[in-house]
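A quick write-up on the structure given underneath.
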Amino acid sequence: MSRRPARPAAYRPLARRFFARDAVVVARALVGCLLVHETPHGRLVGRIVETEAYRGPDDPASHAYRRTARSAIMYGPPGVAYVYFTYGMHWCLNVVTGSPGVPGAVLLRAVEPVEGAERMRRLRGVGPEVPAARLAAGPARLTQAFGVGPRHNGTDLTAPPLYLAAGGPRRGTVVAGPRVGIRAARDRWWRFGLAGSPALSRPFPRL
DNA sequence: ATCTAGATCGGCT
DNA sequence: GCCGATCTAGATG
């Protein structure tokens with residue numbers, strides 16, 4: 001019996017057309033996929049356990065609700081990174097969805113480390129008291145653990161060094177809930193997660 | 001378990 | 001000027 005090795009020599013990037021769909025569809029589909037960063041110091045890999053969809057002029061919570069210098073990238077081609085700065089100190093990573101003129105993006109909120117947990121620990125500046133599953137359990141923790149920052153804004157996420165990859169058959173159930181930190185449109189359940197994952201930024205409310 | 005404050009600054013009303 | 005698509009440490013039930 002030949003089985004998939006735990007640490008394959010390479011991962012298969014998701015094609016650009018994967019992202020050329022509605023943000024809500026892509027957000028749900030990305031749960032279980034992989035985030036890969038090939039750095040000079042080694043490869044960092046995490047399984048995506050939490051995402052959020054942000055759309056365009058119909059979504060008051062989205063940066064692309066209005067087209068501005070910052071949000072213009074969400075109006076561009078899909079499969080591109082949108083990295084923004086918030087709260088004076090944090091960076092968050094999105095992948096642009098839809099098609100030029102139809103804005104959208106998916107915020108990567110949490111991954112469970114698959115490869116490179118030790119390096120992630122150093123990048124986070126935390127010790128062994130933090131369990132591996134908590135190293136990238138939040139949008140700003142994720143970027144810090146993966147060494148992602150402003151230099152990645154506008155880069156292509158369908159090819160190395162920083163890319164998204166297929167994750168094989170999805171284990172577990174995808175659940176939905178209101179987006180975190182969003183007051184507007186709380187009835188739109190555009191936050192998706194792997195039910196019961198220890199790497200979620202926070203639990204999904206039971207309703 | 002749940003709350004609060006404080007850090008810190010770019011974007012945009 | 002105000003306010004975040006956040007995180008951490010510390011206090012309190």
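Computation of the quantities below employed the complete heavy-atom set of this structure, encompassing side-chain atoms and omitting hydrogens, waters and symmetry-equivalent molecules. Not measured: the values here are computed from a predicted model. A, B, ... follow the sequence lines: proteins, then strands. Residue 1 opens every chain.
Residues A110(A) and S201(A) share a closest heavy-atom pair of CB-N, 4.1 Å. Residues A195(A) and V175(A) approach most closely at CB-CG1, 3.7 Å, considering heavy atoms. When every heavy atom of S71(A) is checked against every heavy atom of T68(A), the shortest pair comes out as OG-N, 2.9 Å.
A cation-pi contact, defined as under 6.0 Å to the ring centre and within 45° of the axis, links R21(A) to F18(A). A cation-pi arrangement is present between R179(A) and Y54(A), with the terminal nitrogen or guanidinium carbon under 6.0 Å from the aromatic centre and inside a 45° cone about the axis.
The distance between atom CZ of R66(A) and atom P of dA5(C), rounded to the nearest whole Å, is 13 Å. A straight line from CZ of R188(A) to P of dA5(C) spans 16 Å, rounded to a whole angstrom. Following rounding to the nearest Å, L135(A) (CG) and dC7(C) (P) show an atom-to-atom distance of 13 Å. To the nearest angstrom, C1' of dT6(C) lies 13 Å from CD of E50(A). Here dG6(B) presents its C1' atom at 11 Å from NE2 of H90(A), a figure rounded to the nearest Å. Atoms CZ (R183(A)) and P (dT6(C)) sit 13 Å apart, rounded to a whole Å. Taking atom CG on L200(A) and atom P on dA5(C), their separation rounds to 21 Å, with Å as the unit. The separation between M89(A) atom CE and dA7(B) atom P is 9 Å, rounded to whole Å.
When distances run from any side-chain atom of V180(A) to the nucleotides dT6(C), dC7(C), dT13(B), the shortest one goes to dT6(C). When each of dC7(C), dA5(C), dG11(B) is scored by its nearest atom to the side-chain atoms of Y84(A), the top-ranked nucleotide is dA5(C).
Note that CG of L164(A) and OG1 of T158(A) are 9.0 Å apart. Values are rounded to the nearest 0.5 Å. Rounded to the nearest 0.5 Å, atoms CD (E118(A)) and CG (L123(A)) are 11.5 Å apart.
Within 4.0 Å of R179(A), counting heavy atoms only, lies no atom of the nucleic acid at all. Using a 4.0 Å heavy-atom distance criterion, R191(A) is classed as making no nucleic acid contact.
Contacts between residues 104-113 of chain A and DNA chain C, defined by a heavy-atom separation below 4.0 Å, involve L107(A), R109(A), listed by number.
Not a single donor-acceptor pair under 3.5 Å links the side chain of R55(A) to the backbone N or O of S62(A).
Remark: dG4(C) base-pairs with dC9(B); criterion is Watson-Crick or G-U wobble with both hydrogen-bond distances under 3.5 Å.
Checking the phosphate oxygens (OP1, OP2) of dT6(C), no side-chain nitrogen or oxygen of R202(A) falls inside 4.0 Å. Applying the 4.0 Å criterion to OP1 and OP2 of dG11(B), one finds that H63(A) has every side-chain N and O outside that range. Note on T68(A): a side-chain N or O is less than 4.0 Å away from OP1 or OP2 of dC12(B). For dT6(C), neither phosphate oxygen OP1 nor OP2 lies less than 4.0 angstrom from any side-chain nitrogen or oxygen of R141(A).
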Taking only nitrogen or oxygen atoms into account, show me every contact under 3.5 Å that the protein makes with nucleotides 3-5 of chain B, one pair per line with its distance.
none

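Using bins of under 30°, 30° to 60° and over 60° for the plane-to-plane angle, the ring pair F85(A)/W91(A) lands in the tilted bin.
For the 3.5 Å distance criterion, the side chains of R47(A) and S197(A) fail to qualify, holding no donor opposite an acceptor.
In this model, no side-chain donor or acceptor of Y87(A) finds a partner on the base of dA7(B) within 3.5 Å.
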